[in-house]
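Below is one structure, written out as structure tokens; comments come after it.
Order of appearance sets the numbers: ligands from 1, and atoms from 1 within every ligand. Note that these values count all heavy atoms, side chains included, but never hydrogens, waters or copies made by symmetry. Along the sequence shown, residues carry numbers from 1.
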Amino acid sequence: MNLKPEPLVFEVSAPGRIAVSLPKGDTPSYPLPPGLVRTELKLPELDELTVVRHFTRLSQKNFSIDTDFYPLGSCTMKYNPKANEVAAGLPGFRNTHPLVGEEFSQGALELVHRLQSMLAEIGGFKAVSLQPAAGAHGELAGVFMIRAYHLSRGDAKRTKILIPDSAHGTNPASCTMAGLEALTLPSNAEGGVDMEALKAGLDAAAGEVAGIMITNPNTLGLFERNIEEIARLVHEAGGLVYGDGANMNALTGVFKPGESGIDVMHFNLHKTFSTPHGGGGPGSGMVGAGDRLAAFLPGPVAVEKGERYALEMPAKSIGRMKAFYGNFGVLVRAYTYIRMLGPNGLRRVAENAVLNANYLKVRIEKVFPLKYSRRCMHEFVAMGDIAPGIHTLDIAKRLIDYGIHPPTIYFPLIVPEALMVEPTETESLATLDEFVRVMTLIAQEAKTRPELLHAAPTTTPIGRLDEVAAARSPVLCYRA
Ligand SMILES: Cc1ncc(COP(=O)(O)O)c(C=O)c1O
């Protein structure tokens with residue numbers, strides 16, 4: 001237990017304290033116009049050790065995958081091997097700049113080209129573009145591509161996209177941002193797409209269906225068994241199939257979405273290929289496309305020209321989604337991860353992701369029931385309202401007291417009091433068992449000492465937030 005009290009004073013600035021010494025300027029000084037001169041800077045004055053302690057203390061308040069178990073469903077907080085960082089920090093990669101031109105970027109372009117080819121192979125696609133900066137950005141690119149395809153055939157009436165009600169919120173958002181209309185498809189009793197509703201939806205919007213956005217495995221952690229039939233029906237109706245490939249860590253080396261009728265799909269590097277997630281840092285949501293859409297991919301993409309690599313726009317490209325060729329640093333990390341694992345290792349990633357999730361599912365559902373209880377893929381969705389007056393939020397907050405990050409809660413929306421658990425392939429049996437032990441304990445507390453859950457978290461610098469106020473009126477800087 002950490003008995004160290006919080007510092008009582010936050011404001012530690014004191015006049016005259018200095019942490020840096022700047023070299024004497026060697027350029028002549030010029031007087032500024034009086035209106036531009038600042039007379040009072042109001043910067044904190046601190047010595048180096050105080051600054052180091054301040055930031056180190058702040059960093060320790062952060063919950064991270066490097067410190068504790070983080071079973072955040074749908075967001076896949078899996079361990080990012082440090083070897084990725086070593087590769088991304090190699091001077092040749094770290095110090096290069098895209099404006100040095102193709103001639104001096106051959107190594108970087110070769111890596112981009114190789115990664116494109118590896119992802120095409122993993123996903124079963126004809127071509128891949130590494131441009132988009134996140135999963136949602138890849139979705140937007142994919143919907144633009146579908147729209148561009150129809151327009152290239154003079155088919156401007158196709159403006160509707162079918163989206164299952166279990167989809168990640170980014171699916172309808174991307175569709176709307178691309179100027180198309182999202183039509184919601186209900187799920188069936190098994191948690192998959194309701195095939196009768198799909199047929200009715202395709203009939204009702206005949207001639208106007210641009211396509212479908214389908215997540216496989218879906219956000220319930222369930223494999224969409226009818227994927228080939230869904231793709232066949234949508235194609236028959238003149239539409240195209242967008243695959244949300246965010247959950248590819250359940251499929252790598254086992255199943256190629258491109259071979260199941262998907263025309264375009266995004267990969268989430270942070271979810272599948274172990275690049276850092278969160279914090280708003282640079283990400284990547286590259287898109288793969290089959291025969292119908294490869295020419296529409298965003299560009300430029302890297303191509304091989306004899307002994308050289310060059311950048312080229314695909315023939316009917318929707319254009320750029322990002323400056324240069326995407327977020328290069330995370331591409332190096334993903335490339336390193338794929339090369340470290342090789343084909344067999346990638347298959348084991350999927351096998352272990354599914355094994356870990358099913359192991360937890362079978363044990364956790366004894367205390368937290370599931371709405372859809374069939375065998376899961378990489379994640380499962382339980383329900384947290386197991387005792388009178390107890391809600392999923394209480395379970396989530398109590399987990400923090402036991403040093404475990406809460407699972408994703410209240411998503412997907414079709415499961416009441418959803419508690420969405422994704423252990424990931426990188427966790428050991430000991431960690432999974434500890435999670436089961438803690439969840440079982442919390443389930444008992446929920447019935448016998450509910451006040452403990454209502455008061456949680458008690459081990460964090462602040463307890464329960466007013467989450468609406470925090471989202472609507474955030475205070476983003478320190479106020480003395
Ligand atoms: C199923 C699914 N689709 C789309 C996304 C959006 O990806 P991103 O957060 O990279 O924009 C996520 C996020 O993790 C997801 O889980």
Donor-acceptor pair, N358 side chain versus C376 backbone, under 3.5 Å?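 Looks like yes, one N/O pair under 3.5 Å.
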In chain order, what residues pass the side chain to side chain contact (heavy atoms under 4.5 Å, CB included) check against D385, with sequence neighbours excluded?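 D385 satisfies side chain to side chain contact (heavy atoms under 4.5 Å, CB included) with M383, E417 once adjacent residues are dropped.
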F255 and F223 aromatic ring geometry - parallel, tilted or perpendicular at 30°/60° bounds: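 The rings of F223 and F255 stand perpendicular, inter-plane angle above 60°.
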Sequence neighbours excluded and cut-off under 3.5 Å, please list the side-chain donor-acceptor pairs for residues 155-166, or say none.
unit_1 : atom_1 : unit_2 : atom_2 : d
D155   : OD2    : R158   : NE     : 2.8
R158   : NH1    : V209   : O      : 2.7
R158   : NH1    : A237   : O      : 3.1
R158   : NH2    : A237   : O      : 3.3
K160   : NZ     : E208   : OE1    : 2.7
D165   : OD1    : S187   : N      : 3.3
D165   : OD1    : S187   : OG     : 2.5
D165   : OD2    : S187   : N      : 3.4

Please tabulate, one line per pair, the protein N or O atoms found under 3.5 Å from any N or O atom of ligand 1, giving the distance to one decimal.
unit_1   : atom_1 : unit_2 : atom_2 : d
ligand 1 : 3 (N)  : D244   : OD1    : 3.3
ligand 1 : 3 (N)  : D244   : OD2    : 2.6
ligand 1 : 7 (O)  : N268   : ND2    : 3.0
ligand 1 : 10 (O) : G135   : N      : 2.8
ligand 1 : 10 (O) : N268   : ND2    : 3.0
ligand 1 : 10 (O) : H270   : NE2    : 3.1
ligand 1 : 11 (O) : G135   : N      : 3.4
ligand 1 : 11 (O) : A136   : N      : 2.8
ligand 1 : 14 (O) : S74    : O      : 3.2
ligand 1 : 16 (O) : S74    : O      : 2.9
ligand 1 : 16 (O) : S74    : OG     : 2.8
ligand 1 : 16 (O) : K271   : NZ     : 2.8

Where at least one partner belongs to residues 140-152, residue pairs that pass side chain to side chain donor-acceptor pair (under 3.5 Å), sequence neighbours excluded: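 Sorted pair list: Y149-R153.
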Is any side-chain N of the basic residue among R472 and D466 closer than 4.0 Å to the acidic one's carboxylate O?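 No, this pair does not count.
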